[in-house]
Structures are given as structure tokens and as C-alpha cells.
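Accompanying notes for the structure given below.
Just so it is clear: chains get the letters A, B, ... in the order the sequence lines come, proteins before strands, and each one is counted from 1.
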Amino acid sequence: MTTEPDKNEGEVKVLNFLEEIIEADLKSGKHKSILTRFPPEPNGYLHIGHAKSICLNFGLAQKYGGKTNLRFDDTNPVKEDTEYVDSIKDDIRWLGFQWAEELYASDYFEQLYDWAMVLIKKGLAYVDDQTQEEIRQTRGTVTEAGKNSPYRNRSVEENIDLFTRMRAGEFKDGERVLRAKLDMAHPNMLMRDPILYRIIHAHHHRTGDKWCIYPMYDYAHGQSDSIENITHSICTLEFDVHRPLYDWFIEKLEIFPSHQYEFARLNLTYTVMSKRKLLELVKNNFVSGWDDPRMPTICGLRRRGYTPEAIRMFAEKVGVAKRDNVIDLSLLEWCIREDLNKRANRYMAVLNPLKVVITSYPDDKVEMMDAVNNPEDAAAGTRKVPFSKVIYIERDDFMENPPKKYFRLAPGQEVRLRYAYFITCTEVIKDANGEVVELRCTHDPASQGGNSPDGRKVQGTIHWVSAQHAVEADVRLFDRLFTEPHMGDIPEGEDYKSYLNPDSLKTVKAYLEPALAAIPKEEKVQFERIGYFWQDYDSTAAKLIFNRIVTLKDTWAKMNK
RNA sequence: UGACCUAUGGUGUAAUGGUAGCACAACAGAUUUUGGUUCUGUUUGUCUAGGUUCGAAUCCUGGUAGGUCAACCA
């Protein structure tokens, strides 16, 4: 086969609009290199929406040989906590990114204060004594102009004095604010004398009690970007209307001209993305924590079995644009299957067991069957799986009255036990309620390993575990995770409670703990993360099977509709 | 009813004045030691009305629809 390395065939070069801007800036010499930043407020855990932003900011810098800072936007002490700082750092690292510098908006408080003084001296900021209510009332509405504050024309000296005393702690919360002097009739509400500083006597997670005045987002963000020489400040669409203000501060302060660019935030079907709602789910114990596998948080997805590679692939696939979007959850699921399918070793696990006794098999015999670890990767090798007279199969793999194209086990029907034998169902045993509780089968000893010397074909192949070697665990866990509304499909204004099953945590605990006790200590961590297995457990395997179950369920549902 | 942003198959995203392409989803077939994977094929789209142009998804104007903004949140 001949290849032309320069051709790069099949690979279409597609730039998103941010890449186009960056390439143009680099080409024109506007910037020699680029510096982006990821600026979370440490007031909650990162979710899949943040992952898109992280992949964008870090990915863009990587692609163009630049760097990315991690900056915590910690300008509101009452909402923020170091717990969140730590989790955010963990999640970013887990996703596979390394920041150039770890910074905090609170590092800039002194500089920001000095700049506020500059604005005051230029006659561009003033201290307002109005109450919060008065300020709200005089701001006007989207269609009506606001009214000037009676304190708007204070002298520079008086403003300096008052602002100094605000910092010194002479006033109570809410008594005074520092506002920019712009235009109370501006069509953009954000430009109607925005508040720069407010008084908050609260303990800050980093600066402690040093400050009692705190800058607002609009006053802190652009200048923080500027201090760090951020070239491309990339944020979501709702900050679009803030850009004129962002530019105004930079212009008036005559500092490094960082620029803000906006993109559409990620929305996912069936998924709650609002930090406020997620916090509520955690606080009210509707989930076991921020890392509950049903949560759309990065740590939740991690526990659900997602890999960083899959999440990065997802971020790549969803694209970047300025149009509001709702991505199908199926794309995220496709990404994890795509990733795991290539690299995860396969293991057999039965989630919803049905006992099968192979009557023709010797009572005490145990055979070690050869099983392929990963059909997609021969280098992954093989392993031995114990087989014996009594096994469990998946309940879904048997039907007493099968429809026409059902290839798995049914009375009188032959099926292959993967890596083991062909078996034929000879008897169905039911309990008093008519529920199938056990199957009796015979095996073909010649089909050891899964092939018959006479070349006859069986259409179905099913997985199994040897009962005496199995580790028992709760099969319902998996079921719960998939039958409950995924990550909370909660319509606006509805009660979360009706959408999450409060029993699931109890169930998990009740069944997981005895199972854990049966497992060698060194393997517990893996096991705990994934849930459950009868034998042959492994976290990666769980991920694969986990995603595979969804697919099979879908297929089955369709066949029966 | 103010300012700003947006409009391409079911869902996303390309095409930057010259053949509407790609991915997910859906559907059909082939292969298969799991109805998975893999491979092949199929269906479905430029919000609307004008204008400019040899030619418009693309440029202009009007309309329509959706979103954002009236926290001392970020």
C-alpha cells in the first residue's frame, strides 16, 4: 500500500470560530503567543458543561503553543469554600490538563482597590449611599431609562474619603457601594452605573478578615485577565452583554487589552446543568453527593465509568458556536463506548441472575476456560475463567415462550455459553407464583471452548458465571441507574423528589457492603467505584458492560415493541 | 414593547459568493464466540419575504422564532 504522507487524506481541516480568531491574531502579529484562562467560582463542583469550557480553553492554548491559567473567581466570600477549590483542581487534572499558573482573583484585591481609586480620581466612580432597594428602583427597566443617584456628583475628595472608610470597616453591610459613573439611560442595563464594590463583613476562604469590601464580577474579571496578560478570555454567551463594560474598565484604566469572546454553553438532553439545582440535590440528600453516579458532575461521570478521553472526545464532537444548542445524551454515551471498546478488557458479569444446572456435567468438576481479554486488541491476552455444574446466566437470556427471532436460551433450544459449551435447555423449574427460578440443561462435551467439531452453528451466545466461584452482589444497582431518570430529567419548576428514587442509596449500601466484605482488601477500591459483580470484576470491565447493557436494553425493547 | 446575540436534516456542526459535507440518532444489509464491535448502504436540512448578483446557506432590507440582560451572584 502506498501512502502519501503529505496528503493527509480524509482529514478535513475544520476550524471553529475561535480558532479562526486566534490564527488571525497570530498571523497579524497582534499576539506572539496566546494565553487563556479557566475561571471557575469555587462555589460548587465542576460538571460536564465546565468540561466543555476546560477542553476549549486548555485545548486552544495547547493547539497554538500557548498556556492556560487556572484562576478562581473568588470575589464573593459568602458563597465560596476551599472544598470546592480542591475538587475543581482534582477534576481538571483528572481530565488531563495542566494549568500554567494557579491564581485567585483575591490575589488582586489590592491592585483592584488601587484602580478603583484611579477611577474615583478621574471622576469615573462614586460612592452611593442609596439602599439596595433604592438602587434597584432607580435603575429603570429594559424599556425605561434609570434616574441618577442624588450622590452621583459628590466631589472626588469626598469619594476618596468615603471609599477609604468603606475599606476601613466604618460602615455596615449594604450601607454604601462604589459605582461607576456611566449613563443611567444606557440601553444596556449593565452600563447604568454598575456597582464596583459592596461591603460584606464575612470571612473569605483565602484573605480571611482582611477585607470587608469585595469587588463585583464585572469589576474584577476583565482586570484580572489584564493583569495576567490573557489574550483570549473565552466565556459563555450570557456574558456577551458584559463585554462593553469589560472593555470600558480596560480602556479607562489604560491596561493590557485582554479581549472577551463568547461561545454557547453546553446543554444536554435529560440533564440538569444548573449549579443551583445540583447543589439542592446534594443538600437535600436526593443523591449521595456531588460524585453520585447519576450526577452530571465530572466526578459523578468518573464514578459512572466515564474516562477523561471520552469526555475530551465529547467536547471535541459537540463543537463550538454561538447558537443555543441541546446535545443528545446519546452522543456522550457513544463517546464512552467508542473509547472503552478499543481498550477495555472484557469480563463476564451477570446482573440479573437465573440459576442453571447442567445435569450432564460432573458434580465436582471445575474447568478453567480460556477467555479472550479484549477482542479488539490481541495484545491484551487471555485469562482463565472457572466453569462448573451450576452457573448463573442473565435472566434476559432466557425466554419460556420466545418470539420468532429470539436466538438465546429457550426450552429445547441450544445456545453457546461463551468460551465454554453448547447447552440445551431441558427443563424449566418455577416457584409457586409461576416465576422461573431455575433451568436444567444438558451440555455437549465435544463443544468445549465454544466450538463443535461437527461444525453445527448455534445462533446465540450468552455469558455466564460459575455459581460456586461467584461473588454475590446487588444486581439492582445497575438497574436503578438506568431506569431512574438519567442525571435527573427535571422539568423547570418540578419537585426533584419525584424524579429520583430515594431508596437507591439504601439499596446500594445494603447490598454493596456484604459484597465488599467478600473481596480481597486490595481490590476494594476498584470494586467500590463500579458497583457489582459476580466474579471476574474489574473497574474497566464494569464500564464496558455498563454501557453495553444500555445498548442491549435498547435493542431488546425495540424487538418487542 | 429597549439593547445585544442567534437561526443549515431528529440533534449538533462544516461550507466565508460557485457540487449543501461530517458526526450522533434512525432505518436496511453483510460479518460476528454475546442482537456488541466492524463494514456497506438509505432517509431526512439552508426560518420567511424581498433585494444585490451570471450565481446566495453565505451579502443587504423587512418580518418571524429562540436566547441574554433590570443581584450589593458569577
Atom pair distance, as rounded to whole Å: [atom1] in [X] and [atom2] in [N]:
| X | N | atom1 | atom2 | result |
| --- | --- | --- | --- | --- |
| A:Y84 | B:rA74 | OH | P | 16 Å |
| A:N76 | B:rA74 | CG | C1' | 8 Å |
| A:D218 | B:rC69 | CG | P | 13 Å |
| A:D74 | B:rC73 | CG | P | 15 Å |
| A:L329 | B:rA26 | CG | P | 13 Å |
| A:N267 | B:rG66 | CG | C1' | 13 Å |

Donor-acceptor pair, side chain of A:S258 and main chain of A:I230, under 3.5 angstrom: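 Indeed, once roles are kept as given, a pair shorter than 3.5 Å links the two residues.
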Hey, does [X] reach any base, or is it just sugar-phosphate, or nothing, if we go heavy atoms under 4.0 Å?
| X | answer |
| --- | --- |
| A:E144 | nothing |
| A:L190 | sugar-phosphate |
| A:Y214 | nothing |
| A:Y419 | base |

Could you tell me whether the side chain of [X] has a donor or acceptor atom within less than 3.5 Å of a complementary atom in the base of [N]?
| X | N | result |
| --- | --- | --- |
| A:D324 | B:rU68 | no |
| A:R323 | B:rG12 | no |
| A:H242 | B:rA74 | yes |

Reckon [X] has a side-chain N or O less than 4.0 Å from the OP1 or OP2 of [N]?
| X | N | result |
| --- | --- | --- |
| A:T75 | B:rA74 | yes |
| A:R265 | B:rA74 | no |
| A:R416 | B:rU32 | no |

Pick the [atom1] atom in [N] and in [M], then give their distance to the nearest Å.
| N | M | atom1 | answer |
| --- | --- | --- | --- |
| B:rU31 | B:rG66 | C1' | 46 Å |
| B:rA25 | B:rU64 | P | 38 Å |
| B:rG12 | B:rU16 | P | 23 Å |

Any-strand Watson-Crick or G-U partner of B:rA56, both distances under 3.5 Å: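 Partner of B:rA56: none.
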